[in-house]
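Have a look at the structure below before the remarks.
Residue numbering restarts at 1 for every chain, and letters A, B, ... go by the order of the sequence lines.
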There are 2 protein chains.
Amino acid sequence: MMKNQNSDRSDTILDSAEKFIRKGGFNAVSFRDIADDIGIKSSSVHYHFPKKTDLGKAVIDRYAKRFLESLGSPEEKKETPQTRINRLGKAYLAALEEDDAICLGCILGAESAGLPGDVQEAVGSFFDGVLRWTSSALAGSKGPSASATHIIGALQGAMVLSVATKKPDALKETIRRLQMSV
Amino acid sequence: MMKNQNSDRSDTILDSAEKFIRKGGFNAVSFRDIADDIGIKSSSVHYHFPKKTDLGKAVIDRYAKRFLESLGSPEEKKETPQTRINRLGKAYLAALEEDDAICLGCILGAESAGLPGDVQEAVGSFFDGVLRWTSSALAGSKGPSASATHIIGALQGAMVLSVATKKPDALKETIRRLQMSV
DNA sequence: AATTATCTATCTATCAGTAGATAGATAAAG
DNA sequence: CTTTATCTATCTACTGATAGATAGATAATT
């Protein structure tokens, strides 16, 4: 028993790393912070993720997978574009409200230019995936703001505004307006 | 002549700091980076800005002042809301294109939760100012997306997408769509 | 005009703390 | 006896920050 202790521990490490990164960015997390947070030594974190780049890539890759899975299929069900975009908005809202922090994509996207190459690529892939999902979800829509780029941008920007101005309703308002114009 | 050498030097320091912050965030700039960049010693940077918090506050305060001044008045001229929002969009676009980097508000807004209290407050004030300008600029508009929060959020989010996905047209597209729906 | 004092802006040198990273020991499991 | 996962111990590099020296400009006093 306890066969996937590695996997369990790795996930615990990634949970902690994700929490720190969401709060202050990639440079605001250290191997020691994570180790102290979960009660091990920093060298043990290095065992699971030798370089910080490995850690960063793993955090964003896991997040991308989870986020896209949580959105479900953008096509198969008989849904209107509005319903699908509502689902997308709810996913962003959940991230903000559950942890009272900006989502991982927002912060790493904003820091993109200063990230190590590997991590930067992983962030780019995340956005490509989300944009692809949104494009599919919009199939058939003729609204004036029915563009994946515009919608994802608006959601992420509103999320930043929510935390930076400490007015958590900013994201809700943007979701409402996006829905009207899809 | 050369009376405000202090002010000149301070500005040079702030220019350098702003450049580094826009690339990788507040934690991605150091006193030594700045000193090396402009050819002085790190202790001289401390002379002008004793603590890193002082430096951060000065960077964002100067930026807020410049940005709002560049927007001009949101009221006095006989302009339509569309024209004013176009001016706003152009200001964001200029920041992105001139330096090929995200704007200072975007990156510090995203990092907000991890910033020192003083800097966080200054970032909040910047957003309050921009939102106030945009609200005034929208006076009389009845468009479906005529909300300061929505517009600023969309512009900033699109800017992040532009750099993170390396598709510089994302911001342009959002400006176009915003203008249609104001 | 000459002297004295103060201010400005830089430097050199150094500090304690923390960063990412690695080598090697240890222990448990199979 | 190898693999997995952890530890101790350590390294070098860099962080923000400070103390103290210095040169030059400016201002005040004699």
Original post:
Which whole-number value in Å describes the distance from B:F20 CZ to D:dT15 C1'?
Top reply: 15 Å
**OP:** Decide whether a cation-pi geometry holds between A:K167 and B:F127; the criteria are a distance under 6.0 Å from NZ or CZ to the six-membered ring centre and an angle within 45° of the ring axis.
**Re:** no
Original post:
Less than 4.0 Å between a side-chain N and a carboxylate O, is that true for B:E111 and A:K23?
Top reply: no
Original post:
Between A:R32 (CZ) and D:dC11 (C1'), how many Å, whole number?
Top reply: 11 Å
**OP:** Pick base, sugar-phosphate or nothing for A:V45, based on heavy-atom distances below 4.0 Å to the nucleic acid.
**Re:** nothing
Original post:
Should B:S44 be listed as having a side-chain N or O under 4.0 Å from OP1 or OP2 of C:dC11?
Top reply: yes
**OP:** Rounded to the nearest angstrom, tell me the gap between atom CZ in A:F31 and atom P in C:dA21.
**Re:** 5 Å
Original post:
Can you check whether B:S30 has a side-chain N or O nearer than 4.0 Å to OP1 or OP2 of D:dC14?
Top reply: no
Original post:
Atom CZ of A:F49 to atom P of D:dT6: distance rounded to whole Å?
Top reply: 11 Å
**OP:** Would you state whether a donor and an acceptor, one from the side chain of A:S43 and one from the base of C:dT22, lie under 3.5 Å apart?
**Re:** no
Original post:
When you measure from the side chain of A:K51, which nucleotide among C:dC11, D:dA17, C:dT22 comes out closest?
Top reply: C:dT22
Original post:
Is any NZ, NE, NH1 or NH2 atom of the basic residue among B:K19 and B:D99 found under 4.0 Å from an Asp or Glu carboxylate oxygen of the other?
Top reply: no
Original post:
Hey, is the side chain of B:R9 poking within less than 4.0 Å of OP1 or OP2 on C:dA9, counting only N and O atoms?
Top reply: no
Subject >> Non-hydrogen side-chain atoms of B:K51 and B:H46 separated by less than 4.5 Å >> reply: no
Subject >> Nearest-angstrom distance from the residue atom NE2 of B:H46 to P of C:dT12 >> reply: 15 Å
Subject >> Whole angstrom value for the distance that separates P of C:dA13 from NZ of B:K41 >> reply: 10 Å
**OP:** Grab the CG-C1' distance between B:D54 and D:dT18 for me, whole Å please.
**Re:** 15 Å
Subject >> Within the 6.0 Å centroid threshold, strictly below: A:Y92 and A:F67 >> reply: yes
**OP:** Measure from OH on B:Y47 to P on D:dG20 and round the result to the nearest Å.
**Re:** 18 Å
